[in-house]
Amino acid sequence: MQNRDPAEVPGGYDVAVIGAGVVGCALARAFTLAGAKVVVLEKAVDVLDGASKANSAILHTGFDAPEGSLELACIREGYALYHEVRDRLGLPLVRAGAMVLAWTEEEVAGLPALMEQAMANGVTDIHPVSGAEARALEPELSARVLAGFRVPGEHLVDPWSAAHGYLLQALANGAVLLRQAEVLGGRRSGGEWQLATTAGTVTAGLVINAAGLWGDEVDRRVTGESWFTIKPRKGQFVVYDKTAAALAGHILLPVPTKITKGIVVCRTAFGNLLVGPTAEEQEDREHAAVDRDTLQALMRRGTEILPALAGHEVTAVYAGLRPGTEEKHYRIRADLAPGYICVGGIRSTGLSAALGIAAHVLRLAGRGERPLSDPVWPRMPNISVDGTRDWQCPGHGGILCHCELVTRREVEAALSGPMPAGSLAGLKRRTRVTMGRCQGFYCSAELARLTEGRLTQPMLEPRHD
Amino acid sequence: MTDAEVIVIGSGPAGLGAATELARHGQRVTVLEREAEAGGIPRHCGHYPFGMREFRRLLRGPDYAARLRDAAVAAGVTIRTRTSVTALLPGGQIEVTDDTGPATLSARAVLLATGVRETSRAARLIGGEKPGGVMSTGALQGLVYLNGQRPFRRPVILGSELVAFSALLTCRHAGIRPLAMIEPAARITARSPAAWLARLMGVPVRLETDIAAIHGRTRVEGVTLVTGGRRVEMPTDGVIVSGGFRPDAALLRGSHLEVDPASGGPVIDRWGRLSDPAYFAAGNLLRGVETAGWCWSEGRRTARAILAALAGELPATGGGRLVLSHPALRLAVPQILGPAGGACPHDRLQVRLDVPAKGRLCLVRDGRTIAAARLDGLPERRLSLPLPADPGAGALSLTIEERA
Ligand SMILES: Cc1cc2nc3c(=O)[nH]c(=O)nc-3n(C[C@H](O)[C@H](O)[C@H](O)COP(=O)(O)OP(=O)(O)OC[C@H]3O[C@@H](n4cnc5c(N)ncnc54)[C@H](O)[C@@H]3O)c2cc1C
Ligand SMILES: Cc1cc2nc3c(=O)[nH]c(=O)nc-3n(C[C@H](O)[C@H](O)[C@H](O)COP(=O)(O)OP(=O)(O)OC[C@H]3O[C@@H](n4cnc5c(N)ncnc54)[C@H](O)[C@@H]3O)c2cc1C
């Protein structure tokens, strides 16, 4: 499936998608299934290396999205499509349900408006709860919660397998992925784009900018100017040990403000407990650093919500960058240049909305006239708590990562196939290897042996002696 | 029918020491080990000293591990490697998985000897990014001794427990020259001779200093050090996050067995028995890191308690639950203190501190001190208190009478 020399493709591609974040992966899938010949251009050594590498992994219903917005429409459609495709692609869904919790009288007063907004947004499965009812549902919840409402439709997903699945399906049906292919510039002539990339020149009729944190820059490189500016917004998280997952069934949300959805406490699809994210503006688009003071503040907040969290260990900490812009909404436009669509500013709901965004862009492009009649549906290996894990099946070769119960067969599979891992980070996203309690105390040595010579970006510098 | 008389989980010095002793007394013993080879941590400690207590010889870790394995096999122990235990069920049933898939095994007694791991960078809330080249001593030893790899050239070492000096030895072996050893406390944690090694290798020790952040997107490029309020940037290509040992108690936490929040390991009585008497525990799992020899001997003594249990000679479980009543105390094992008997493996209370303390360590029952020992201790140092044969019924507490 991989085509290392894009110049060899006669006649070029119908569509070039710039960026293999969750949005680019969903776009590649939608256009491929619609019958287009698609190339995905990704500058990093592996996919999901930008905004999509770190998120809360909540599949949002859109109950709190701005009324009448494109974002809301994409979340609603994306949510429905995820349910539609997930069985066939083998994507997990942990039906947690959410509770929006009010901690002050002022927040209590704001609840009815939020519930009305949810109804207006088409999320009608909404149930008000008193503080006592909330605690009956969540026994570990703080006594300070005054009231709230339930949104049973909010669910948990795996932060990466959906995007991997979308792209794998595109590849299985003829799309091409080029990694280490940074788009440097573009020129349109004779109804076609010539894209200059670090992997050679790529020709395509339609170019879609899904460059996430670099959306404005790619606009400039291809069309000469940009109509928006990326304002990265960092979110830090604390992940607690699996022992803490039993403390909360629901996704526990605060009453949202204009700026942020606020600090969430929820399980993860891998059976841990997550507290985060923060919302911090920064200039830098590459570096997402965590800092101890903020992490400690998150832990304090987590313990206010679930007092019993105090006794549990921290397994991981991480940070992600949202590709925000100077405006609050999605920045999708098809009229900037002929044969060019910008899909920018997918800030904080891209995981939920990706399939909806892709369907919307497909309509914008006027495609979909010759869909594949019998597309291939590859199945993603399950690495979440929703379903059977590989270690539960014979022939797995033994467990390599003991904390996350990752088998040798799983690691082997992630290092081969149509989209082999390009870095340790990519291998982690595919398998969760080293992401558990011991963070590599036991498995690093064997992992270094297994991956030697097989990752574009090696785990260790090559041996010098 | 049971799959073995006794199942031992973990093949480190404690597990193999116990299994050998049990097999020599005619028991059918199976050791389950998740790694490809038995031997536990010493397998990748390519340095001295190991083996004085067990074999009366100075050995390197891998040779020592090989001797433990040979002794076990010679005694008739069955060792199953690449077999991970995934759950502990009541009454000595356990769930395992290996290449053939999951299975349930049962035994009359199960010994847990799953050892420890170091506290990760994440759990220490070190800031910054997540480049490659940040690892525990255990991971470093695996890369250096098992693989012959050199993950970095000029790293910094965080921590000054004894294991940090293993990190130094490992670095020396691989031709890695650490830039500095960083210790948040005001003094080196390990016994003083260990500090000589740092000096010998020309590695400066920076006390009262912490790593605030690690920089670099794919590889470590530097660290931010903080001393008091002062921040200093130090370019470096790796970080060894050493020590802060935690019992590897993942299995316990998901089970019906009682865990001691103070030690992070199981609650045991003086026979090394857990809250379900089909289960026993020994080795580092009990309290964090000790020497291999200590763990081996603890394993052997616990084996004798298991033999007594199989012969129906152990008293029923019960006894006072020890309460720690001084803020300097981190943990004390065993936690349940009933009367002692012939084959009792724990005739002393093993104690660790969180902060340095001086004075008298006192075991108190109903306001009366029933055992005491002089105390002049530091965190991570081995401390103990001889236990009375029968501490008697009633609430027991451990405290420190501080010296004015
Ligand atoms: C803290 C946090 C929490 C979140 N929680 C949730 C949640 O719970 N639910 C939810 O639905 N969403 C959530 N999100 C939002 C979601 O993660 C984002 O909306 C989504 O990842 C955006 O994806 P993208 O594909 O637009 O961008 P990206 O993932 O940034 O993808 C862009 C890609 O383009 C590549 N690229 C850039 N420039 C070039 C170039 N010149 N040439 C080639 N390739 C290039 C980049 O390397 C990158 O891989 C969260 C986000 C954050 C940060
Ligand atoms: C870096 C380092 C250097 C050291 N240097 C020295 C030294 O120089 N001299 C010295 O005397 N001591 C040294 N020690 C201490 C010594 O290695 C340990 O005290 C000793 O190995 C502990 O023995 P143990 O049997 O309790 O556990 P371990 O040796 O840790 O063995 C536990 C075993 O249990 C297995 N296990 C865990 N969970 C499962 C499961 N679910 N299923 C199956 N198997 C499982 C593990 O894979 C492991 O093999 C060092 C320790 C470290 C970490």
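Naming convention: chains lettered A, B, ... in sequence-line order (proteins, then strands); numbering from 1 in each chain.
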Could you tell me which portion of [X] (side chain, backbone, both or neither) has an atom closer than 4.5 angstrom to a non-hydrogen atom of chain A?
X      : answer
B:A213 : neither
B:V226 : neither
B:P261 : neither
B:I211 : backbone
B:D248 : side chain

Per-residue contact mode, [X] against chain B (heavy atom under 4.5 angstrom):
X      : result
A:Q236 : neither
A:C393 : backbone
A:A448 : both
A:T243 : side chain

More than 12 heavy atoms of other groups within 6.0 Å of A:R379 CZ: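 Counting other residues, nucleotides and ligands, CZ of A:R379 exceeds 12 neighbours.
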Can you confirm whether B:R330 is buried at CZ, in the sense that more than 12 heavy atoms of other residues, nucleotides or ligands lie under 6.0 Å from that atom?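 Yes, CZ of B:R330 has more than 12 neighbouring heavy atoms, counting only those of other groups under 6.0 Å.
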Identify all side-chain donor-acceptor contacts of residues 296-306 of chain A below 3.5 Å with residues at least two apart in sequence or on another chain.
unit_1, atom_1, unit_2, atom_2, d
A:R301, NH1, A:E304, OE1, 2.5
A:T303, OG1, A:M299, O, 2.7

Are [X] and [Y] side-chain neighbours, meaning at least one heavy-atom pair lies under 4.5 Å?
X      : Y      : value
B:V85  : A:H402 : no
A:L460 : B:R150 : no
B:M135 : A:F441 : no
A:R292 : B:D210 : yes

Atom [atom1] in [X], atom [atom2] in [Y]: separation rounded to 0.5 Å?
X      : Y      : atom1 : atom2 : answer
A:Q392 : B:T86  : CD    : OG1   : 8.0 Å
A:D291 : B:T224 : CG    : OG1   : 11.0 Å
B:L143 : A:L447 : CG    : CG    : 9.5 Å
A:T407 : B:R82  : OG1   : CZ    : 11.5 Å

Is a side-chain N or O of [X] found less than 3.5 angstrom from the main chain of [Y], in a donor-acceptor match?
X      : Y      : value
A:H396 : B:D98  : yes
B:R217 : A:H287 : no
B:T100 : A:P394 : no
B:K130 : A:V317 : yes
B:N147 : A:A445 : yes

Decide side chain to side chain contact (heavy atoms under 4.5 Å, CB included) for B:R246 and A:R437; before the verdict, give the C-alpha distance in whole Å, the side-chain angles of both, and the deciding distance to 0.1 Å. CA-CA 10 Å; B:R246 301 282 304 157; A:R437 305 181 170 92; over 6 Å; no
Closest approach of [X] to [Y] (non-hydrogen atoms, all atoms of both residues):
X      : Y      : result
B:I126 : A:V290 : O-CG2, 3.9 Å
B:S120 : A:Q439 : CB-CG, 3.5 Å
A:M459 : B:R219 : O-NH1, 2.8 Å
A:Y442 : B:T114 : OH-O, 4.4 Å
B:L146 : A:R449 : CB-NH1, 4.0 Å
A:A316 : B:A122 : CA-CB, 3.6 Å

Name the member of A:G397, A:G398, A:C438, A:A319 that forms the most heavy-atom pairs with chain B at distances under 4.5 Å.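 Maximum pair count with chain B is reached by A:G397.
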So that I can tick it off, tell me whether A:E313 and B:R117 are bridged by a salt bridge, with the cut-off set at under 4.0 angstrom between side-chain N and carboxylate O.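 The answer is yes: the pair qualifies as a salt bridge.
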Using a strict 4.0 Å threshold on nitrogen-to-oxygen distance, state whether B:D99 and A:R409 make a salt bridge.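 Looking at B:D99 and A:R409, the cut-off is not met.
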Under a 4.5 Å heavy-atom cutoff, which of [options] has the most pairs with chain A?
options                       : result
B:E35, B:Q141, B:R253, B:H215 : B:E35
B:G142, B:G128, B:G138        : B:G128
B:R34, B:E118, B:R124         : B:R34

